[in-house]
Amino acid sequence: MLLKRTRTCGELRAAHAGERVILNGWVDTRRDLGGLIFIDLRDRYGITQVVFSPQDNARAHAAADALRGEYVIGVEGVVTNRSAANVNAKMATGEVEVRVHELQIYNAADTTPFEIVDDTKTNEDLRLKYRYLDLRRPSMQRNLILRSKATILVREYFDRHGFVEVETPVLMRSTPEGARDYLVPSRVNPGTFYALPQSPQTYKQILMVAGMDRYFQIVKCFRDEDLRADRQPEFTQIDVEMSFVDEIAVQEMTEGLISELLRETIGVEVALPLPRMTYQEGMTRYGSDKPDLRFDLAFTDFSDLVKDTEFRVFRQTVADGGAVVGFVVPGQGHLGRGMMDRLTEKAKNEAGANGLIYIKNMPGEVFSSVAKFVPEDVTAAMVRASGAAEGDLILILAGRKPDVYAQLGTLRLSVAQEFNLIDTTRNALLWVTDFPLLDFDPEEKRWVAMHHPFTSPKPEDLHLMDSDPGKVRARAYDLVMNGSEIGGGSIRIHDPAMQRKMFALLGIGEAEAQEKFGFLLDAFRFGAPPHGGLALGLDRIIMLLTGSRSLRDVIAFPKNQRAVSLMDNCPDVVDPRQLDELHIQLKPGL
RNA sequence: GGUCCGGUAGUUCAGUCGGUUAGAACGCUUGCCUGUCACGCAAGAGGUCGAGGGUUCGAGUCCCUUCCGGAUCGCCA
């Protein structure tokens, strides 16, 4: 018989003393004193101590002897104030306990493969296999609950601003460009395949042509690429598109959402508008298109200062069009040879640099690792240019552009971590703008879209489209938080001629463009409004809001690094009859 | 596909130079215990040292192969 609960395990306080209550939940811990049994009863709202005493009910006390961890039970009893000495200040419900008169054991539980505790050190594959146990841990429940609050807030926000949530197909056509598609065979149309959306990009643009004006969707996207701590094959986007807007309008709308999310979920206030930084500045000052601005370590370009020195690495690098760039590490000028050798190894192994040059700006002595080749006055000028204070260390790389920036950017992150320079209490949000429209793929020897093929070029760069496509900037923008890309978008092309031109630049011929994207080009012929939008990575945002180290901690049922779901063991082989129906024959050897 | 780290009790780990019966903590089982809250006390069970091969008188330890997990590079419009 069900003891139907009247209260949860998180809500009882001294004010409830005397109330007859029924609680349901899991046995968290058991403290059996023989004549007296204490059970911490847990549900997702909290933990309440319940007491089995022969004086209250001998039968219940006897039955409680059988209780073990993770048994699911119901108890009926009376809320009682604890004596002052027995109050547990560490528990929200620590002022009271429930003295039990009746116990129902709904379900016994085997000993769990790992303990249900918050600070678990258990291997992740075991946690994933027994995900239902892992999700009983309060920290995981907090993550899922925060995620739920966040998505409700997102819907409420966009509704308030006149957006319409429209569902787009999960079965769509496979398109060239971008990530590898997940394919779904069509039984009805032998030999043809759907693809799962990498994003609903074309649909939301079509919705703009349809006049929906303001669209959003919280939507699953799929990309068949290798996994990372912050990358899952299926992930959730907050997808947004607006008509008759420029980039500022999209960014302002997004900022409003993000600041509300931070305020309502973790109580953090963000100053708006968010800072903007061009891609160019991000790369040359921080070596990244998603700079982590929770710490400084901004770059100084020494190329002009050192281009005439005898030191070949400096002179030759600059002569070849490369750069000599460095950053100041505050207060680390005292580091010894061993540590500097270690940093040099990092620069080589992690960042891929050829070597590391450094200057220690110590009181009375400015030590340069290349003092033999670089005159003192040049070194002094470098110290001045860098803004280094006494006691600071300057790390310098020389190399080809743009590689040297990326290398120094990697070193910057590594050094920040090494010397604990990241202020984790801060939340550094910014927009990175003016991305290049195109990126040259040396393997395929062709231009590829840096954002996607529907991104509009900046009008002032249009004249470069034919002569120097790599120099054309896009009306694209990324939202960056703490060194993590949490969103990106652009003002789109809405002119069929421009869209054709873009396809042509990407090496997509007229025929292929018509075949793969004909519906979009057609749509643009029938009155397409100027439009733009962006997509936010919901999982990553929740990861940052909860301080999680992995995306897997904010997704209820994630895949491991091999894209396998360990709990239900998928993907898996299927019955040959299913393959027959789908007209699929496996390659020999599989 | 590359690089790095890891795999020993249910869990998290230790295991020295290759040498006796592979240990600890937590968990688990049993008993005792009426104010515990990381309860305590006592006793106990629990091991394919990821797998296979090799070197050796002898391998958890050394070598080779392989499997598995994680981080990362490539990849991710």
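Reminder, nothing fancy here: chain letters follow the sequence lines and each chain counts from 1.
Counting heavy atoms from C-beta outward, A:Met208 and A:Arg492 have side chains that stay 4.5 Å or more apart. Taking 4.5 Å as the limit, every side-chain heavy atom of A:Asp292 sits out of range of all side-chain heavy atoms of A:Tyr286. At a threshold of 4.5 Å between non-hydrogen side-chain atoms, the residues A:Arg412 and A:Phe295 count as touching.
At the heavy-atom level, A:Thr175 lies nowhere under 4.0 Å from the strands shown. Across all strands, A:Gln198 comes closer than 4.0 Å to no nucleic acid atom at all (heavy-atom distances). Residue contacts shown for A:Arg562 are limited to sugar-phosphate atoms, with no base heavy atom under 4.0 Å away. Counting any heavy atom pair closer than 4.0 Å across all strands shown, A:Pro54 reaches a base atom. A:Ala229 comes within contact range of the sugar-phosphate backbone alone, with a heavy-atom separation under 4.0 Å but no base atom that close. Residue contacts for A:Arg82: at a heavy-atom cut-off of 4.0 Å it reaches a base atom on one of the strands shown. Looking at heavy-atom distances under 4.0 Å, A:Gln201 makes contact with a base. Residue A:Asn560 is in sugar-phosphate contact alone, with no base atom involved, counting any heavy-atom pair closer than 4.0 Å across all strands shown.
Listed nucleotides: B:rG35, B:rC37, B:rG74. Nearest to the side chain of A:Arg228: B:rG74. Each of B:rG10, B:rC76, B:rC33 was ranked by its minimum atom distance to the side chain of A:Pro113; first place goes to B:rG10. In this structure, the nucleotide among B:rC75, B:rU72, B:rU36 sitting nearest to the side chain of A:Gln561 is B:rU72. For A:Asp226, whose side chain is taken as the heavy atoms from C-beta onward, the closest listed nucleotide among B:rU30, B:rG35, B:rG1 is B:rG1. Each of B:rG70, B:rU12, B:rG35 was ranked by its minimum atom distance to the side chain of A:Lys121; first place goes to B:rU12.
Take A:Asp134 and apply the side chain to side chain donor-acceptor pair (under 3.5 Å) test, not counting sequence neighbours, and it matches A:Arg127, A:Arg131, A:Arg137.
Look at A:Lys290 and A:Glu485 and you find no salt bridge, because none of the NZ, NE, NH1 or NH2 atoms lies under 4.0 Å from a carboxylate O.
Residue A:Gln49 places a side-chain atom within donor-acceptor reach of the base of B:rU36, judged by atom type and a 3.5 Å distance cut-off alone. Remark: the A:Arg30 side chain and the B:rC39 base include no donor-acceptor N/O pair separated by less than 3.5 Å. A donor-acceptor contact under 3.5 Å links the side chain of A:Glu97 to the base of B:rG35. A:Arg99 contributes a side-chain N or O that forms a donor-acceptor pair with the base of B:rG35 under 3.5 Å. No hydrogens or angles were tested; on distance alone, nothing pairs the side chain of A:Arg223 with the base of B:rC76 as donor and acceptor under 3.5 Å.
Atom NZ of A:Lys346 is separated from atom P of B:rU72 by 14 Å (rounded to the nearest Å). If you take CD of A:Glu350 and C1' of B:rU72, they are 10 Å apart, rounded to a whole angstrom. If you measure from atom CG of A:Leu551 to atom C1' of B:rC76, you get 13 Å, rounded to the nearest angstrom.
Each of A:Thr29 and A:Thr111 was matched to the nucleotide of RNA chain B holding its nearest heavy atom; the match closer to the 5' end belongs to A:Thr111. In this structure, A:Glu443 and A:Gly69 both approach RNA chain B, and ranking their closest nucleotides by distance from the 5' end singles out A:Gly69.
The pairing partner recorded for B:rU55 is none, the criterion being a Watson-Crick or G-U wobble arrangement whose two distances lie under 3.5 angstrom. B:rA25 and B:rU11 make up a base pair, with Watson-Crick or G-U wobble contacts both under 3.5 Å. A 3.5 Å limit on both hydrogen-bonding distances identifies B:rA71 as the Watson-Crick or G-U partner of B:rU3. Nucleotide B:rU20 has no partner under the Watson-Crick or G-U criteria, as no pair reaches both atom distances under 3.5 Å. If you check B:rC33 for Watson-Crick or wobble pairing at under 3.5 angstrom, you find it has no partner at all.
Atom C1' of B:rC13 sits at a distance of 13 Å from the matching atom of B:rC49, rounded to the whole Å.
Counting all heavy atoms, side chain and backbone alike, A:Asp230 lies closest to A:Met543 at CB-CE, 4.3 Å.
Within 6.0 Å of CG in A:Asp572 there are more than 12 heavy atoms belonging to other residues, nucleotides or ligands. Crowding of A:Arg446 atom CZ: a count of heavy atoms from other residues, nucleotides or ligands under 6.0 Å exceeding 12.
Side-chain contact check for A:Gln217 and A:Thr168: at least one donor-acceptor pair (N or O, by modelled atom type) lies under 3.5 Å.
In this structure, A:Arg31 does not reach the B:rU36 phosphate: none of its side-chain N or O atoms is under 4.0 Å from OP1 or OP2. Considering only side-chain N and O atoms, A:Arg552 lies nowhere under 4.0 angstrom from the phosphate OP1 or OP2 of B:rG69.
Stacking between A:Phe38 and B:rU36 is shown: the ring centroid lies under 5.5 Å from the centre of the six-membered base ring, and the planes differ by under 30°.
Checked by atom type and distance alone, the side chain of A:Asp539 pairs as donor or acceptor with a backbone atom of A:Thr236 at under 3.5 Å.
For the segment residues 122-129 of chain A, residues with any heavy atom less than 4.0 angstrom from an atom of RNA chain B are, sorted by number, A:Thr122, A:Asn123, A:Leu126.
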